[in-house]
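Structure, as structure tokens:
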Amino acid sequence: MSDGIIRLKFDILPNDMSAAGEASSGVKKVLNQLGVEPQKIKKAAIAMYEAEINAVIHGGGGIAEVVIDKEYIEVKIRDEGPGIADIELAMQEGYSTASDEIREMGFGAGMGLPNMKRYSDKLVIESEVGKGTTVTIVVNL
Amino acid sequence: MKVAEFMQRTGLKAFTGDTGLEREITGIYVCDLLSWVMSHASKGDAWITVHTHLNIVAVALLAEVSCIIVPEGIKAEEATVKKAAEEGIVILGSEMSAYHICCKAYELLR
Ligand SMILES: Nc1ncnc2c1ncn2[C@@H]1O[C@H](COP(=O)(O)OP(=O)(O)O)[C@@H](O)[C@H]1O
Ligand SMILES: [Mg+2]
């Protein structure tokens, strides 16, 4: 791995399912180039993909900011959407407010947040109703 | 078993041309819930799904499946095929149901 800290920033477009996943794919490629262990790349990429999808389908788009240091990768995904009223409820497997259209695509199974928890070493969700949501995912490298 | 041999033995056709045919299929995973696939499919599985939209390519890459199989004569969307080919992911198609594909795969992979 190289010495310096790498910082990346991506825009996440609202309601554009065809572009959803671009940010996590980009990060995955960088981690690959850095020679990070495949298992850790998988963890970081899945957790980030779930957060990115949520920003698209629930958050009205947002921004992904990624810091890759020697010991960890931190992914911060921020949106200015409706926010989450009850985070504990949202974390429950199967809980989803996704639309029928999104469900027909195979998303909206209510497993995104549980997957983020499962694949990150640290997960912080900050949310305020009417203001937005910031999800921070840390995976130790 | 390599994707190419699997195709030959099952009659599955590739939408994506010649890319990725040397990948090794080690099992089968059938599911249409994308979050579920990402967290439960094993690396090397051939993933059977009825979805053909663009996002299945990202999910296939994240889940590290060996290929995507769309059953029951479903046609893969053109944009999806293009993206999959770019990423080296094979999309196979078949007139068979997921169940019949699994039965054949069981004989071939066990
Ligand atoms: N960024 C977000 N903004 C607003 N609500 C969110 C956000 N992320 C998650 N939620 C809420 O939490 C629920 C559960 O999220 P998740 O576990 O990813 O399941 P799903 O996305 O399949 O609905 C969502 O249905 C939504 O109500
Ligand atoms: Mg989700």
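The chains referred to below are lettered A, B, ... by the order of the sequence lines, with proteins before strands, and numbering in each begins at 1.
To the nearest 0.5 angstrom, B:Leu61 atom CG is 11.0 Å from A:Ile46 atom CD1. For the atom pair NZ (A:Lys43) and CG (B:Leu62), the distance works out to 15.0 Å, reported to the nearest 0.5 Å.
For B:Leu34, the parts sitting under 4.5 Å from any heavy atom of chain A are the backbone and the side chain alike. Contacts between A:Glu22 and chain B at a heavy-atom distance below 4.5 Å involve the side chain alone, from C-beta outward. Contact of A:Glu93 with chain B is made through the side chain alone, with heavy-atom distances under 4.5 Å. For A:Lys29, the part lying under 4.5 angstrom from a heavy atom of chain B is the side chain only.
At a threshold of 4.5 Å between non-hydrogen side-chain atoms, the residues A:Met111 and B:Met38 do not count as touching. Within the 4.5 Å cutoff, the side chain of A:Met105 has heavy atoms near those of the B:Asn55 side chain. Considering only heavy atoms from C-beta on, B:Leu33 stays 4.5 Å or farther from A:Phe107 through its side chain.
Crowding of A:Glu101 atom CD: a count of heavy atoms from other residues, nucleotides or ligands under 6.0 Å not exceeding 12. The number of heavy-atom neighbours closer than 6.0 Å to CZ of A:Arg103, taken from other residues, nucleotides and ligands shown, is above 12. Counted within 6.0 Å of CD on A:Gln39, heavy atoms from surrounding residues, nucleotides or ligands total 12 or fewer; the atom is thus considered open. Counting heavy atoms of neighbouring residues, nucleotides and ligands inside a 6.0 Å radius, atom NE2 of B:His100 does not exceed 12 of them.
Of residues 66-98 of chain B, those residues with a non-hydrogen atom less than 4.5 Å from any non-hydrogen atom of chain A are, in numerical order, B:Lys83, B:Glu87. Against chain B, no residue from residues 75-89 of chain A qualifies, as none has a non-hydrogen atom under 4.5 angstrom away.
Counting only distance, with no hydrogens or angles, the side chain of A:Lys42 and the backbone of B:Glu64 share no donor-acceptor pair below 3.5 Å. Checking side-chain atoms of A:Asn115 against main-chain N and O of B:Ser35 turns up a donor-acceptor pair under 3.5 Å.
Hydrophobic clustering (side-chain heavy atoms under 4.5 Å, transitive across Ile, Leu, Val, Met, Phe, Trp, Tyr) groups A:Met91 together with A:Ile57. A:Val66 is connected to A:Leu141 through a chain of hydrophobic side-chain contacts under 4.5 Å among Ile, Leu, Val, Met, Phe, Trp and Tyr, so both are in one cluster. The cluster map of Ile, Leu, Val, Met, Phe, Trp and Tyr, joined by side-chain heavy atoms under 4.5 Å apart, puts B:Val65 and B:Tyr29 in the same cluster. Cluster annotation: B:Leu21 is connected to B:Phe6 through the hydrophobic network of ILVMFWY side chains, with a link wherever side-chain heavy atoms come within less than 4.5 Å. Put simply, A:Met116 and A:Val56 are part of the same group of oily side chains (I, L, V, M, F, W, Y) that touch within less than 4.5 Å, one to the next.
Here the closest heavy-atom approach between residue B:Ala58 and residue A:Tyr49 is recorded as CB-CE1, 3.8 Å.
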